[in-house]
Amino acid sequence: MDILTTLGVKTKEALASLYDIAEGEITFENTNPNFAGDYTFVVFPYLRHSRKKPEDTAAEIGDYLKENVAEIDGYNVVKGFLNLELSNDYWLNVAQHRIDEGVTVPNIGGGKKVVVEYSSPNTNKPLHLGHIRNNVLGFSFCEILTANGYDVIKNNLVNDRGIHICKSMIAWQKWGNGETPESSSIKGDHLVGKYYVEFEKKFQAEYATWLSSEEGLAQLETFKTSNAAKKYIKEEADLNKAFKSEYKNTYFNNHSDIGAEVKTMLKQWEDNDDEVIALWKKMNGWVYDGFDATYNRLGVSFDKIYYESNTYLLGKEMVQQGLESGAFFTKEDGSVWIDLTDEGLDEKIVQRADGTSVYITQDIGTADLKYQDFQMDKFIYVVGNEQDYHFKVLQLILKKLNKPYADGLYHLSYGMVDLPEGKMKSREGTVVDADELMDEVLSTAQKQTEELGKTEGMSAEQLTELYETLGMGALKYYLLKVDAKKRMMYDPKESIDFQGNTAPFIQYTYTRINSIIRAANETGKSTVFVEPNNLEAEEKDLIVLMNAYPAAVNAAANNYNPSEIANAVYELAKAFNKFYHEHIILGAEDEAVRGFRLALSQAVGETIKHGFSLLGIGVPARM
RNA sequence: GGUUCCAUAGCUCAACCGGAUAGAGCAACGGUUUUCUAAACCGUAGGUUCCAGGUUCGAGUCCUGGUGGGAUCACCA
């Protein structure tokens, strides 16, 4: 029986026999490091039954437990806190089990099927830092679920059609002069992105001209006296600027020449125009080549890729079902809506008056498609928290449609990544490009490694691989160590820092262990676990932390939060470095002590490697 | 304005779902290398956990009300 279970049972017994308490859930906490002991039982809640001072109550329970639980060596009491001290034999036992069995994670998934959607890029722009957080988070979380016994399907929904890609296409057609990734040596996704930017530039210029035209100025005057302008007047905002942003979409739709071209192209695409489809395929092909390279480098992969061009018409049938069942209603113009005011939300459109679908319609359809394809128990969307509302609505709609899978929807909502200068804004050119960023961390890894000069004898390929492992590790760890839910700050200086709570620090710890084990093997020293006579504090810390690791893996899955694993691994690495500094391992005189420490070190190394693999980070043999 | 998320050391983040004296890293200062990799280790300094109430034996954590910030409230995706 697990020690905590035993303690729970015995403590219940103690409470019953001492104070006649029958009910209640018994919980233990890890003893605060400032006090002696391993687990702590808080007696305050039981004082009204015991009718004794906290100290006396704790002591009575402590006596009972010491008497009845073999693993308890002793206890101490501070106010109402009963600190239980477990024997060294118990901890050595734990160590032996861990060493014999390797890392074992309790199976909480039970083979349940989970579809995880992440990445979900648009095909008009290259990936940026925000996408990296998404990809790294999504991939890591899939690894974590798998380790917990879930059957995971990683899926990507590629947004490959729509007005945005048409903008790139028009720009390329008009101003591209036949430029290709080959002819320009520009990575495909960046090339397409270049034309997207080009389009925006030309459009802005056209818009600016119009704004100062007679018609534009007339519209501005109309705007100034309109209702829409009132709130700007209240805020004392610049009305010219306000008009410029307010009217932009209207201008694009009703006045712009290139806007009209884009819209025509989108229509042609929907009508399956051969030429447009060919161009679309060509340019998307470039983007996919580019994305594949980036995904490869990030080390992420997918089991199933959905393309919006195939799924964007889905969901209409379900809109019909919803109309029949009364979940949806039709407005006068023929558009279809759902009323969510009972849930504290608004009315939400699910189909336009012309019968075409909107964003959420597609998601309704895709959810159903996923269910047809996989009959999953749960389906998770790794999407930024800016879409909290969208997924709340999506789930409610699925519920109102009585879909059996509706309850299985979970939005893994992660926070935005901010820069020291503020928010990333593509319009202001402050986005951090994914490929550039990866190059940067890589060259930093190389520079650092070369400065330290410990890689003598390594081949060019080995070095390249090492820089990749260190650089990508640093970047991924930087993004994964903070709580996924929280908005985070990306400081370029910090992200390439290799000291302290960073991947290279942990990787370094791993290589230290690795080199000791290697030396032990070379000199024929046994790394087999031997029970020593004594247990040092630093040794015990390692056992305690390794013992806690599987629970952290469970918690990371339950809380949708890889950072719990990052923290657990960091604590372990830190504890090992302290142990390493305080105690000699390979050179220990006593054979039993040496064997024990070697076995323990090896187990620490395995745990680090295990944890890092769940984060999608590799460990080098040496560095 | 409605809804919603957030606020912890100079900076970036923890704090095991209500427990003890709130912890790390970075930055600053000082120390450690004839011993298994110093990308390491040890020490010093740094806090009214945004504010005001409330619940509780006990609150950074729960509730209410403020203040400040983000997101969202599109027939965009």
Practice problem: Tell me, please, which residues at least two apart from A/Lys52 pass side chain to side chain contact (heavy atoms under 4.5 Å, CB included). | Solution: A/Ser50, A/Asp56, A/Thr57, A/Glu60

Practice problem: Scan for salt bridge (charged side-chain N to carboxylate O under 4.0 Å, His left out) pairs involving residues 344-360 of chain A, sequence neighbours excluded, and state none if there are none. | Solution: A/Lys331-A/Glu347

Quiz item: Once the angle between the rings of A/Phe391 and A/Tyr381 is folded into 0 to 90°, is it parallel (under 30°), tilted (30 to 60°) or perpendicular (over 60°)?
Solution: tilted

Quiz item: Residues in ring-ring contact (aromatic ring centres under 6.0 Å, His included) with A/Tyr478, at least two apart?
Solution: A/Tyr490

Quiz prompt | Per-nucleotide pairing state of RNA chain B [Watson-Crick or G-U, under 3.5 Å; [ ] pseudoknot-crossing; | other strand] | solution = (((((((..((((.....[...)))).(((((.......))))).....(((((..]....))))))))))))....

Please list each protein N or O that sits under 3.5 Å from an N or O in nucleotides 3-9 of chain B, with the distance.
none

Quiz item: Which parts of nucleotides 19-25 of chain B does protein reach within less than 4.0 Å, heavy atoms only, written one letter per nucleotide 5' to 3' as B for base, S for sugar-phosphate only and - for none?
Solution: BBB--SS

Quiz item: Residues two or more places apart in sequence or in another chain: which of them pass ring-ring contact (aromatic ring centres under 6.0 Å, His included) with A/Phe252?
Solution: A/Phe203

Practice problem: Answer with yes or no whether the side chains of A/Asn124 and A/Ser168 bring together a donor and an acceptor at under 3.5 Å. | Solution: no

Quiz item: Under the salt bridge (charged side-chain N to carboxylate O under 4.0 Å, His left out) rule, what pairs show up with a residue in residues 470-485 of chain A, not counting sequence neighbours?
Solution: A/Asp483-A/Lys485

Self-check item: Any residue meeting side chain to side chain contact (heavy atoms under 4.5 Å, CB included) with A/Leu7, in chain and number order, not counting sequence neighbours
Solution: A/Ile3, A/Leu4, A/Phe28, A/Tyr39, A/Val69, A/Ile72, A/Leu84

Practice problem: Rounded to whole angstrom, note down the P distance from B/U4 over to B/U64. | Solution: 10 Å

Practice problem: List in chain and number order the residues that pass side chain to side chain contact (heavy atoms under 4.5 Å, CB included) with A/Ala36, two or more places apart in sequence or in another chain; answer none if no residue qualifies. | Solution: A/Asn76, A/Glu85

Practice problem: Provide the full list of salt bridge (charged side-chain N to carboxylate O under 4.0 Å, His left out) pairs with a residue in residues 486-497 of chain A, sequence neighbours left out, each pair given once. | Solution: A/Asp418-A/Arg487

Where do N or O atoms of nucleotides 73-75 of chain B meet protein N or O atoms at under 3.5 Å, pair by pair?
from, atom 1, to, atom 2, distance (Å)
B/C73, O2', A/Asp346, OD2, 2.9
B/C75, O3', A/Arg352, NE, 3.3
B/C75, N4, A/Asp333, OD2, 2.5

Practice problem: Determine if the base of B/C17 is syn or anti; take syn to mean the glycosidic torsion is within 90° of 0. | Solution: syn

Quiz item: Judged by modelled atom types alone, do A/Thr40 and A/Glu29 share a side-chain donor-acceptor pair under 3.5 Å?
Solution: no

